[in-house]
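Heads up, the thing below is written out as structure tokens.
Per chain, numbering begins at 1; letters A, B, ... match sequence-line order. Reckoned from all heavy atoms, side chains included, excluding hydrogens, waters and symmetry mates. Since this is a predicted model, take the numbers as computed values, not measurements.
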Amino acid sequence: MIEGRKILGSIGLGILTIFVIVAVFAPYIAPHDPHQMYRPMEHPSSSHLLGTNDIGNDILSEIVYGTRVSLFIAFVVSVISMLVGTSLGLVAGYFDKVGFLIMRVVDVVLTIPRLPLIIVIASFIRPSIWNLIALFLIFGWTMPARIIRSEVLTLRRRYYIDATKMIGGSDFYILWRHILPNVIPLVVVQFIMEAIHVILAESGLCFLGLGDPVAMSWGMVFHYAFECPIIYVSDVWMWWMLPPGLCIVFTVLGLTFVGYALEETFNPKLKNPFGGMER
Amino acid sequence: MLEVLGLTKYFSSGLIRKRYLRAVDDVSFKIEKGKTLGLVGESGCGKTTIGRLILRLTKPTGGKVLFDGIDLFALNRRELLAIRPRIQMIFQDPDSSLNPRMKIGTSIAEPLKLHGTIPKAKRGQRIRELIETVGLNPEHVNRYPYQLSGGQNQRVVLARILAMNPDLIIADEPTSSLDVSVQAQILNLMKDLQKKFDHTYLFVSHDLDVVRIMADRIAVMYLGRLVEIGETGDIYDCAKHPYTQALLSAATVDGGKERIVLKGETSSPIDMPAGCRFHTRCPRKRERCTIEEPELVEVGRDHYVACHLV
């Protein structure tokens, strides 16, 4: 079982590495400028590997540049969510009164159905990458805050916390040196969960036409393909709709595999053949 | 050295109809410098709470703790930080007394770093000294707590505590989670350290054999109250309180005497019985015991008992 996890983790990491390389080196990898117009609706050929779309853009180049947009949004939202969520979770778990207040805010935000509200707000505001990021951030910090808090609640009862107080460690010192390192595994797992959610939600919004029309993400490529009636009556969907869809699927799959493998690394009980014998 | 006067801690629960759990109720005792007081009683009787109260890890409900004449409960944050190094505590479970993600060396260096009494350059040497004093190998420095045994971890805890140069050490069942053979090693180490550094111990335990080896005086607790306190010899040879007698008869060292088996359960500390707290299980209960709560009275030299029968 452990070996299986390792293999899956390596596969996931491999997939993610490929996508990250594509995103970072997009100008070198893309065969054409994605805004350059060629003859529209061309079938795949040696000069346009995935053909061209209804306005003549090279589809492969669009997807390569789309990797940048999709991964950028997911990365920025996840990083900020984790920073905010972890800090609030640490404070909320360690100080009872502040924690009570923070958790009531979390409760309220968590009761709001996430995706429907994002759709509603997104349809009113001007669609842009930064607006989308801000929207996802409203919700992104709540789950990590809650999960980190519950872990801190148990961690702060350990004897080494009392022992550190006795040798003169301040609250800030205890949080930074003793509690934070012990919640990092949880933060990493939450980071992956959030990235998966954002990638799926962002492409969903784009699909509905609520994405940024200037920043072509995978979801936007998909959206424009879907809006073009020809795809229903010809083979065009095979090189226009399928590739961005597969990109989304593989990214999410890669993240899931990595998360699954990390679960083992971070949970000594799974590593230990005498499971549960924590020393 | 340490004087505890009328120490009281009630835990309350419930918002409208408050209920109180009387964990520690009007407990007083003294420990002289370089001596060990053994605090015994069954689990849940408030032994650990007393230790935590003295360290101010838990807020007291009432009473006073005088440490070298300084009232610990009257100190503000800064004064408390200044005095805390002198009082240290060893906890039951050595494995959770150390941060699992910190190397042993880093853990031992932590008090030196936080306290800043020793210049950085000399810390390495001090750490080596400490490790030697508690009988560990210098190579243990780079290990993590889960790579060491419980006994070794308890030695690390002791090294950390020694780094603070404490005067009073509160040991809360320091050996209860260790093997018997390892227990003896740790106890011997603690006795050696006491001789060497003139430590004062408050030794909390439920193990009478261990306490007999360690303590100069013994205090017996039942449901948050002291029922008997005296020199170790006096307690073992002529215990006056029926609860102490029952405890001793259950201990392995006293095979000769007949065993006193107590009936019933310990009363709940929330719905405390009226009168003597022990009367529900006492084999020699009188009517007076159900009405009036006994006070500690002197029955011998430095030997106090809270029982109507003496």
Side-chain angles (χ1 to χ4, degrees), chain A residues 86 89-90 93-97 100 103-104 148 150-189 262-279, chain B residues 48 51-52 54-58 77-78 80-102 106-117 144-150 152-154 156-157 160-166 168-170 172 174 177:
Chain A
T86 306
L90 286 175
Y94 197 77
F95 303 101
D96 288 324
K97 280 176 190 152
F100 181 81
M103 281 309 116
R104 295 299 77 75
I148 300 302
S150 60
E151 184 68 10
V152 174
L153 283 181
T154 73
L155 284 175
R156 73 174 218 210
R157 304 241 178 280
R158 304 276 157 92
Y159 289 132
Y160 60 81
I161 302 300
D162 282 336
T164 314
K165 277 185 198 161
M166 286 177 341
I167 59 171
S170 64
D171 289 336
F172 178 78
Y173 177 86
I174 288 172
L175 277 174
W176 183 254
R177 282 287 287 162
H178 289 278
I179 295 187
L180 181 65
N182 283 296
V183 298
I184 286 294
L186 277 178
V187 177
V188 174
V189 172
L262 285 179
E263 200 187 339
E264 179 249 328
T265 319
F266 290 148
N267 192 346
K269 279 182 194 160
L270 291 173
K271 210 187 249 174
N272 187 345
F274 309 100
M277 295 217 353
E278 220 173 347
R279 289 211 348 93
Chain B
T48 303
R52 296 181 61 89
I54 294 171
L55 277 159
R56 282 194 41 182
L57 290 172
T58 307
R77 262 187 72 89
R78 285 188 54 183
L80 183 68
L81 276 178
I83 207 161
R84 238 177 194 168
R86 300 180 57 196
I87 314 171
Q88 294 290 312
M89 186 162 180
I90 307 173
F91 299 99
Q92 272 188 42
D93 179 7
D95 300 336
S96 94
S97 303
L98 298 167
N99 186 340
R101 286 176 198 276
M102 231 181 217
T106 323
S107 277
I108 298 178
E110 206 182 14
L112 301 175
K113 207 175 79 189
L114 281 172
H115 214 52
T117 40
Y144 285 95
Y146 69 88
Q147 292 169 311
L148 300 187
S149 70
Q152 286 170 322
N153 278 336
Q154 203 62 297
V156 176
V157 170
R160 258 168 77 96
I161 285 173
L162 289 180
M164 302 299 286
N165 288 320
L168 171 68
I169 297 179
I170 298 168
D172 182 13
S177 64

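- Of the residues considered (B/P85, B/P100, B/P166), B/P100 shows the highest number of contacts with chain A, using heavy-atom pairs under 4.5 Å.
- In this structure, the portions of B/M89 lying under 4.5 Å from any heavy atom of chain A include both its backbone and its side chain.
- Your options are B/R52, B/R56, B/Q88, and the one with the most heavy-atom pairs under 4.5 Å with chain A is B/Q88.
- Of the atoms belonging to A/T164, heavy atoms from both backbone and side chain fall under 4.5 Å from chain B.
- Interatomic distance, B/S97 OG to A/I161 CD1, rounded to the nearest 0.5 Å: 11.0 Å.
- Contact annotation for B/L57: only side-chain heavy atoms (C-beta onward) come within less than 4.5 Å of a heavy atom of chain A.
- Using a 4.5 Å cut-off between heavy atoms, B/T106 touches chain A through its side chain atoms alone.
- Among B/L114, B/D93, B/I87, the residue with the largest count of heavy-atom pairs under 4.5 Å with chain A is B/L114.
- Taken to the nearest 0.5 Å, the CD1 atom of B/I90 stands 9.0 Å off from the CE atom of A/M166.
- A donor-acceptor contact shorter than 3.5 Å links the side chain of B/N153 to the backbone of B/P145.
- Residues passing the ring-ring contact (aromatic ring centres under 6.0 Å, His included) test with A/Y159 are B/F91, sequence neighbours excluded.
- In this structure, the salt bridge (charged side-chain N to carboxylate O under 4.0 Å, His left out) partners of A/R156, at least two apart in sequence or on a different chain, are A/D96.
- Highest contact tally toward chain A, considering only B/H115, B/M164, B/R84, B/E110, is held by B/E110 [criterion: heavy-atom pairs under 4.5 Å].
- Within the model, atoms CG of A/D171 and NZ of A/K165 stand 7.0 Å from one another, a figure rounded to the nearest 0.5 Å.
- The candidate from B/P111, B/S107, B/S96 with the greatest count of non-hydrogen atom pairs under 4.5 Å with chain A is B/S96.
- Residues A/Y160 and B/R160 form no side-chain contact, since every pair of their non-hydrogen atoms from C-beta on lies 4.5 Å or further apart.
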